[in-house]
Amino acid sequence: MRTAIISDIHGNLEALQTVLADIDSKSVDRIVCLGDILGYGPNPAECVDLVAERCEWSLLGNHDYGALYEPTNFNAAAEQAAYWTRAQFDAEQDKEVAARRWEFLGGLRVRTQMDDFLCVHGTPRRPINEYLFPDDAINSPVKMKQIFDRIPQHSMSGHTHVPGIFTTEPDFYPPEDFEYSFNYKDEEHIIINPGSVGQPRDLDPRSSYAILDSEATTVDFFRLEYDIDSVSSKIHAIPELSNWLGDRLHEGR
Ligand code: ZN
């Protein structure tokens with residue numbers, strides 16, 4: 001079974017379309033989404049429609065929660081973006097389309113088990129909001145142990161927008177370290193982070209996603225250029241979205 005894993009789209013339609021086209025060019029059995037379809041970006045409704053159509057399931061991220069229910073612990077720009085995002089769904093005139101979107105958003109899962117993988121947006125102990133940062137592998141051994149203790153076998157999560165693999169040493173490997181293909185056959189537990197489709201934060205502005213091959217026991221990581229200028233100028237044209245949200249797409253942070 002080959003599963004494409006996408007996460008943290010953040011209303012960035014150009015990035016999502018680029019990633020889906022790339023997935024379509026590879027042989028993949030299913031696509032799953034680890035959450036944060038919404039927030040920051042200018043095309044939340046279009047991204048929800050595409051995820052609903054193309055993904056087998058999607059998780060609830062903190063920005064999805066923020067737009068749907070209430071933004072908690074957001075900075076001012078993110079909070080304003082959350083309210084603007086919600087208004088886009090409220091503004092839909094076609095009642096059927098609006099109902100279909102709300103139903104999809106209301107059905108987003110907090111966690112799900114997919115074969116050997118426990119899937120969450122954040123961490124297994126705080127699935128919506130807790131970050132598992134690459135530095136935690138070195139600086140927070142207790143946190144790492146508590147998180148690995150909650151994982152029956154393997155796990156996958158998004159939220160940090162930084163792609164790579166955590167192992168039980170504990171350690172974190174960015175995709176460059178294993179030349180973008182990791183074989184987990186001999187690993188007791190791993191946690192995969194596919195990186196972010198629409199708002200990468202590892203100083204590489206290209207979209208990120210991963211393909212898990214359960215027979216080959218490999219995780220392959222991909223980076224793709226997309227039309228950042230187009231997204232950034234759309235953000236600049238929306239007064240409720242801070243210019244900074246567009247500018248940082250160019251910087252990958
Ligand atoms: Zn996110």
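Atoms within each ligand, like the ligands themselves, are counted from 1 in listed order.
Contacts of R126 classified as side-chain contact (heavy atoms from CB on, under 4.5 Å), with partners at least two apart in sequence or in another chain: T123, N129, E130.
Between the Zn ion (ligand 1) and the N, O or S atoms of D8, the shortest distance is to OD1. Minimum-distance N/O/S atom of H161 relative to the Zn ion (ligand 1): NE2. Atom OD2 is the N, O or S atom of D36 at the shortest distance from the Zn ion (ligand 1).
Salt bridge R2/D213: present, at least one basic N to carboxylate O contact under 4.0 Å.
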Verdict with supporting geometry, D24 and R54, salt bridge (charged side-chain N to carboxylate O under 4.0 Å, His left out): CA-CA 11 Å; D24 288 340; R54 301 296 312 276; 2.6 Å; yes
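Residue side and main chain included, H10 places an N/O/S atom under 2.8 Å of the Zn ion (ligand 1).
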Report all side-chain donor-acceptor pairs from residues 65-72 shorter than 3.5 Å, counting only partners two or more places apart or in another chain.
none

